[in-house]
2 protein chains.
Amino acid sequence: MGEAATGLVAQLVDELERKLLFGDIIPGDKLPAQRAMAQGFGVSRATVREAVFTLESRGLVETFHGGGSVCCNLLESGYPEPEVKEGGGSRELQQQVMEMREMLEGEAAYFAARRATPAQREALSLEYARMRERGSGETTLRKAKADLTFHMLIAESSHHLLVVSLSQVLYTRYFNVIYAVLSRTLRKTGRYPPGIGAQHEEIYRAVLAGEAERARRAAREHIAYTRQQLSA
Amino acid sequence: MGEAATGLVAQLVDELERKLLFGDIIPGDKLPAQRAMAQGFGVSRATVREAVFTLESRGLVETFHGGGSVCCNLLESGYPEPEVKEGGGSRELQQQVMEMREMLEGEAAYFAARRATPAQREALSLEYARMRERGSGETTLRKAKADLTFHMLIAESSHHLLVVSLSQVLYTRYFNVIYAVLSRTLRKTGRYPPGIGAQHEEIYRAVLAGEAERARRAAREHIAYTRQQLSA
DNA sequence: CTGGCGAAGTGGTCTGACCAAGCATGGGGG
DNA sequence: CCCCCATGCTTGGTCAGACCACTTCGCCAG
């Protein structure tokens, strides 16, 4: 391992991560006690704690007060109940991400309505039809992904490098935040919010009709609606 | 913050995250020293360290040994490197940057009108007065910088981490483009466009008056006007 | 067998100290 | 006059030991 990890914590993290990934410690197993690890590795407990915390923030382990740290099952996360605490960020961040989406998707729709190529219009139609077809019977995760695919298609149709760039950054880097918002809404209302379908249709129609202002308004309203569910 | 965070670290994290997202600390700013925070919050430095580390693992801050912790720009990486030479890029890029500004500064003004602190309102007044005072007799470069300073002040007053992040990226990375637009306008009309002053005043007044919708409209119109000069 | 209780073990936090790396300042050399 | 670097202050990194809060588990009384 040619690693030249700088810092004791980083070295410890590498060491433990290897053990975890290599299966010396399998999901459900408990990690050694912090005091034991400190002595074993010849470092202070504070260092061990930071290392364990790093692993926790990466989702590799879970720590219980008085109960030790346990290796996680990596596939269990992302299940229907993602337990928003780590995955979704603070309420405030969720709010800000949605505000950003509101402005961004409004502009994306605006430009898409004016500049989408025939091929892009067709792709959008296809995606919209597919989205509409399956409707329910999908996991929240798949719904969120389908939703972002739809909006990303519109962003791409804007033929606006900066809009596309920002969309990519937002949709990938903050996917878990967006997902958490949708997930939270679903858990509260019990089902897919009734307005969403109609809103998607309105955006879709406006873009295809080439009515830019209407598309912008529709897109903004769509996000505003979702955002509103959040604060309610 | 109606949070019922369990654990001192979690409380501290919430507190700091709030400050970051709300813009009390904007990208590029340094966080207080760990010792200072420990004293300020009445906790030990170990607790502060864990909290800072949490923020770091969420990508909100970056920590440097001996150099403090700084608030990150959430959108910096992942954005295209423009490689804009002195010329100011293609007409198309100029157009797109200005379109981005139109959307961004509209939202920035909107939020600034609602959330600017008294200190920020005063700073904005000062900057506006200074801007107005010198008027002519400045180089184009200084004018462009003053213009961006004015708009950056508004962005900072939005207390919106994502808006600030995007503004920073746009204003620094695409400064040459923005400069080229202004430069081109000046060369064509021979002087500072007549509408600009009044537009700045309108934005300024709307923000200070706390009229969010009006501020958004004014900011959008301002950029739209400049953009129009471009294509004419 | 059951229920409660307490000891032992674990993570959470505090304190204070020292080490290491950045940074500002000022003096010396060019 | 300017540039460079030595040095001291500031900042984060690590350490050691202590105490508190929570969980676990086994012992003992009922």
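As the structure is a prediction and not an experimental result, all values here were calculated from the model. When reading the values below, keep in mind they use all heavy atoms of this one structure, side chains included, and skip hydrogens, waters and symmetry mates. Throughout, a chain's letter reflects where its sequence line sits, starting with A, and its residues are numbered from 1.
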Consider the side chain of [X], meaning its heavy atoms from C-beta on, and name the nucleotide among [options] that approaches it most closely.
X     : options                : answer
B:L8  : C:dT13, D:dT14, D:dA21 : C:dT13
A:S44 : D:dG13, C:dG11, D:dA16 : D:dA16
B:S69 : C:dT13, D:dT14, D:dG12 : D:dG12

Does a sphere of radius 6.0 Å around CZ in A:R45 hold more than 12 heavy atoms from other residues, nucleotides or ligands, not counting ones at 6.0 Å or beyond?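 Atom CZ in A:R45 is crowded, with more than 12 foreign heavy atoms closer than 6.0 Å.
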
Atom CD of residue position B:E213 - does it have more than 12 heavy atoms of other residues, nucleotides or ligands inside 6.0 Å?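 Enclosed.
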
Output the rounded distance in Å from [atom1] ([X]) to [atom2] ([N]).
X     : N      : atom1 : atom2 : answer
B:H65 : D:dT10 : NE2   : P     : 16 Å
A:E62 : C:dG12 : CD    : P     : 12 Å
B:F53 : C:dG12 : CZ    : P     : 14 Å
A:F64 : D:dC25 : CZ    : C1'   : 18 Å
A:L31 : C:dG9  : CG    : C1'   : 16 Å
B:M37 : D:dT11 : CE    : C1'   : 11 Å
A:Q39 : D:dG17 : CD    : C1'   : 14 Å
A:Q34 : D:dG17 : CD    : P     : 17 Å

By the 4.0 Å heavy-atom rule, please label A:V52 as base, sugar-phosphate, or nothing.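 Result for A:V52 = nothing.
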
Between A:R49 and C:dG12, is there a contact of a side-chain N or O with OP1 or OP2 at under 4.0 Å?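 The answer is yes; a side-chain N or O of A:R49 sits under 4.0 Å from OP1 or OP2.
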
Given DNA chain D, 5'-ward residue of the pair A:G42 and A:R35, judged by closest heavy atom: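 Upstream on the strand: A:G42.
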
Nearest-nucleotide comparison on DNA chain D, the residue closer to the 5′ end among A:V48 and B:G68: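 Per heavy-atom nearest nucleotide, the more 5' residue is B:G68.
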
Taking the six-membered ring for Trp, are B:Y128 and B:Y204 parallel (under 30°), tilted (30 to 60°) or perpendicular (over 60°)?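 If you compare the ring of B:Y128 with that of B:Y204, the planes turn out parallel.
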
Mind checking whether A:H222 and A:H151 have parallel, tilted or perpendicular rings, split at 30° and 60°?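 Ring orientation, 0 to 90° scale: parallel.
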
Which residue lies toward the 5' end of DNA chain C, B:R45 or B:K30, if each is placed at its nearest nucleotide?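 Its nearest nucleotide lies further toward 5', so the answer is B:R45.
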
Evaluate the salt bridge (Lys or Arg N to Asp or Glu O under 4.0 Å) criterion for residues B:R214 and B:E202: first the C-alpha distance (whole Å), next the side-chain angles of each, then the deciding distance (0.1 Å), finally the verdict. CA-CA 9 Å; B:R214 179 179 151 213; B:E202 172 65 6; 2.8 Å; yes

